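Computed from a prediction, not measured in an experiment: that's the story for all the values here. Reminder, nothing fancy here: chain letters follow the sequence lines and each chain counts from 1.
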2 protein chains.
Amino acid sequence: MKPKMTLKKIASELGLSISTVSKALKNNKDISKENREKVQAFAKYYNYRPNSVALSLKNRKTKTIGVIIPEIVHHYFAKVISGIEEVANSKEYNVIIGVTNESFNKEIINMEMLIDGSIDGFIISLSKETLQKKDYKHIRETINQNIPVVMFDRAVDEIPCDKIIIDDRKAGRMAIQKLIDEGRRKILLLTTKDYLSIGRLRTEGYKDALAANNIPYHEDLVVRIGELGDSEEDQRNLEQRINRVFEMHPDIDGIFGVNEIYAVTALNVARLRGLDVPEQLSVIGFSDGILSKYARPHLTTVSQHGFHMGELAAETLIYRLEKMDKDQIPPYTTQVVKTNLIIRDSTRNNTSIEL
Amino acid sequence: MKPKMTLKKIASELGLSISTVSKALKNNKDISKENREKVQAFAKYYNYRPNSVALSLKNRKTKTIGVIIPEIVHHYFAKVISGIEEVANSKEYNVIIGVTNESFNKEIINMEMLIDGSIDGFIISLSKETLQKKDYKHIRETINQNIPVVMFDRAVDEIPCDKIIIDDRKAGRMAIQKLIDEGRRKILLLTTKDYLSIGRLRTEGYKDALAANNIPYHEDLVVRIGELGDSEEDQRNLEQRINRVFEMHPDIDGIFGVNEIYAVTALNVARLRGLDVPEQLSVIGFSDGILSKYARPHLTTVSQHGFHMGELAAETLIYRLEKMDKDQIPPYTTQVVKTNLIIRDSTRNNTSIEL
DNA sequence: CTGAAAGCGCTAACAA
DNA sequence: TTGTTAGCGCTTTCAG
């Protein structure tokens, strides 16, 4: 077992002082060429690597980013993390992940655990519970402590900080417009409870599109679905609920689900009822997850570009961090990522529409 | 903006020495009750949190775990991370993630980036490329530097360390046995190239089961699939390949896919060919991913228990870490996680079999 | 050209 | 009961 090399050991081994060694390793011209070479060779041979903890302490920055997300077993969030990782890695940053499981308390605990100097900044998507409570003290305090926060996807207006979002309302509107363009008139919306802004905004988009096309809005055709667990039971409940809507309104000819699960479930229910998709019924989902690709027929979706959002979030945070190093404070930005419709087989025609 | 509190500031603010403050915060009886209370109140008020970097430097341990995985946008790995997170969090450890994208070089870079004192130990699932090259120098060196490594899922015999695996061979055998028990005789195996031990072992299990039931082995019925990208094209190629096997062998009555994608793809191909699943054909997949649940019919699978494997990996690593703290070195263990068959609708009967 | 010293924030042994 | 000191590993200023 090789013991860990340190400047001190190299110094004593070579009969030099620590500072000489430190400089030699940096190839500082102050040091004689001879000594530089000797030290560098020695260091290389023993595989010396400066201790990052010591560096962090000295530099008062850790070069690590804390990422707080509601869920990790979730295609979208996994994609986002991927994007963050990629950018972070390329800039020599590490990424620490904290998972909140949609819980307000876990969000706080996770953040507090990292706010002790472990990280330089946060990238966060707020938990559902936090959004419900509308309690953002912990975020505000973090920012007050001079730790920058970048919000993505689930961002809130109340907090001034960098944000990476998509235009959910517009995305919803365009999805519905697509259905209308296909001739659909009785469109079922499967959405979340309203405290989730993404659900609320996509619902707004739904209304917008109907209004723009003079199609009356029916409260009956909007199903607001609550927490959906992993259980078979929750799943079956959802199916039944959709089934009931179909019984009341057998002439539904379009479905928009604000996430993949809703859309795929509806797709399956419809087909079990003997409906031909996309002949009698078109279905559009949200998210670029894997379910859509493997569903039969393949599901047309509004893509979310999770990977790109992750990249942007990381770039934005690191940009701010590096500016702060030079005592500059860039203004906060809100970046809206374009969504687009990925046309697959659950809708009729074949063009990809830029939203 | 509140400036960060430190012992030093508290000390000078309160006219005490740093060490007095430090002890007072620990409620050390050495310090007068009066001062203890004063200090604690002050610290609480200013939300003092000891700087973790300084602590890490002092204690020569970071209480963070490095997790190196091939992919994060992958249900199984996401589950594993979840499990790791859960255990790590409960023991006050942080988790740093490094993604290799199945690349040998990225694996090395990722590990080197963390081996500089950033983490206390690794949990790793080797990249495909590493497995192909059979080059484990970096792992060996890590262990030699006294940084413990726990391998999961993709472990190799060549390296002595803690391992969390499943008995892939047995799992494969039992899946096939299930098909045979249903009366299936002509069973298609969709597996990976042999350098991936999981594919190879599951293939062995396939052969085992055939042999045990005196069913002749046909090389034709074993399809070894190479790298499968995210692209539509790769996907279509796979479909075509499966289709071709069906053309040669229209009487296939069972399919076992060593992962979810293979199985779901085969299921879809079979149904498009007009085969009734599970009447004419049974399909079993591997993995407890989300595709299986939403496939129609719902796919029977061998569950992998990713979450539990993550928990075990984290527990095992932390256990060793804490022992090492007391200068003890526990023997290496290999823990085999039981798999079980989750019977859904792509096979005939209805019992859950313990493997 | 080289090295001593201070300091990043904290703990702990020891002195007062 | 409190404070001084040394040290974790490193960088950097400044004196030699």
Side-chain angles (χ1 to χ4, degrees), chain A residues 3-40 42-43 46-64 114-120 145-147 325, chain B residues 3-40 42-43 46-64 92 114-120 145-146 325:
Chain A
K4 201 129 217 68
M5 259 304 148
T6 64
L7 287 189
K8 204 181 179 179
K9 281 188 205 153
I10 300 182
S12 83
E13 210 69 29
L14 260 40
L16 293 168
S17 78
I18 293 179
S19 57
T20 302
V21 173
S22 172
K23 284 176 203 155
L25 284 172
K26 300 207 143 47
N27 217 9
N28 189 320
K29 301 288 179 199
D30 275 2
I31 308 299
S32 68
K33 195 166 180 201
E34 200 190 329
N35 272 341
R36 267 186 283 158
E37 284 171 357
K38 190 159 61 173
V39 169
Q40 287 172 13
F42 189 92
Y46 284 102
N47 220 311
Y48 169 77
R49 311 235 27 222
N51 180 304
S52 74
V53 176
L55 284 179
S56 297
L57 186 58
K58 180 111 256 269
N59 302 331
R60 280 109 142 291
K61 61 179 173 197
T62 58
K63 296 211 95 181
T64 108
L114 297 177
I115 222 169
D116 60 0
S118 301
I119 51 98
D120 296 338
Q145 309 228 1
N146 218 16
I147 299 176
D325 248 22
Chain B
K4 202 129 221 67
M5 260 301 150
T6 64
L7 287 189
K8 203 178 177 180
K9 281 188 206 153
I10 301 182
S12 83
E13 210 70 28
L14 260 40
L16 292 168
S17 79
I18 293 179
S19 60
T20 303
V21 173
S22 172
K23 285 178 200 153
L25 284 172
K26 299 205 145 47
N27 216 9
N28 188 321
K29 301 290 178 197
D30 276 2
I31 309 300
S32 67
K33 196 166 180 200
E34 200 191 330
N35 272 342
R36 267 184 285 156
E37 284 171 356
K38 190 160 60 173
V39 169
Q40 288 172 13
F42 189 92
Y46 283 102
N47 221 312
Y48 169 77
R49 310 237 27 224
N51 180 304
S52 73
V53 175
L55 283 180
S56 295
L57 186 58
K58 178 113 256 269
N59 303 330
R60 280 109 143 292
K61 61 180 174 195
T62 58
K63 295 212 99 187
T64 107
E92 310 252 72
L114 297 178
I115 222 170
D116 60 0
S118 300
I119 51 97
D120 296 338
Q145 308 227 2
N146 219 15
D325 248 21

Practice prompt. Give me the bend of the helix from C:dC1-D:dG16 to C:dA16-D:dT1, using the axes of the five pairs at each end, rounded to 10°.
Written response: 70°
Atom pairs under 3.5 Å, N or O on each side, protein against nucleotides 6-8 of chain C: can you list them with distances?
| from | atom 1 | to | atom 2 | distance (Å) |
| --- | --- | --- | --- | --- |
| C:dG7 | N2 | A:Lys58 | NZ | 3.1 |
| C:dC8 | OP2 | B:Lys8 | NZ | 3.1 |
| C:dC8 | O3' | A:Arg60 | NE | 3.2 |

Practice prompt. For DNA chain D, determine which residues of residues 11-22 of chain A have any heavy atom closer than 4.0 angstrom to one of its atoms, and list them numerically.
Written response: A:Ile18, A:Ser19, A:Ser22
Response to the item:
Contacts of A:Ser12 meeting side-chain contact (heavy atoms from CB on, under 4.5 Å) (sequence neighbours excluded), chain-then-number -> none
Worksheet item: Does B:Val21 reach the side chain of B:Leu25, with side-chain heavy atoms less than 4.5 Å apart?
Response: yes
Fill in: Any side-chain heavy-atom pair of A:Gln40 and A:Asn27 under 4.5 Å
yes
Discussion item. According to side-chain hydrogen bond (donor to acceptor under 3.5 Å, both in side chains), who are the partners of A:Lys38, at least two apart in sequence or on a separate chain?
Written reply: none
Worksheet item: Within the pair B:Tyr48 and C:dG9, is there a side-chain N or O less than 4.0 Å away from OP1 or OP2?
Response: no
Discussion item. So, using side-chain contact (heavy atoms from CB on, under 4.5 Å) as the criterion, who are the partners of B:Ile18 when residues are at least two apart?
Written reply: B:Leu7, B:Lys8, B:Ala11
Response to the item:
Per atom distances to the A:Ile31 side chain, the nearest of C:dG9, D:dT2, C:dT2 is C:dT2
Discussion item. Strictly below 4.0 Å: does B:Lys23 bring a side-chain N or O up to OP1 or OP2 of D:dT2?
Written reply: no
Worksheet entry | Whether over 12 other heavy atoms sit under 6.0 Å from A:Lys4 NZ | yes
Worksheet item: Would you say A:Lys9 and A:Tyr48 make side-chain contact, with heavy atoms under 4.5 Å?
Response: no
Worksheet item: Do the non-hydrogen side-chain atoms of B:Val39 and B:Leu14 ever get within less than 4.5 Å of each other?
Response: yes
Discussion item. Base, sugar-phosphate or nothing for B:Asn51? Non-hydrogen atoms, less than 4.0 Å.
Written reply: sugar-phosphate
Item to complete: Would you mind classifying the nucleic acid contact of A:Leu55 as base, sugar-phosphate or nothing, using non-hydrogen atoms under 4.0 angstrom?
Response: sugar-phosphate
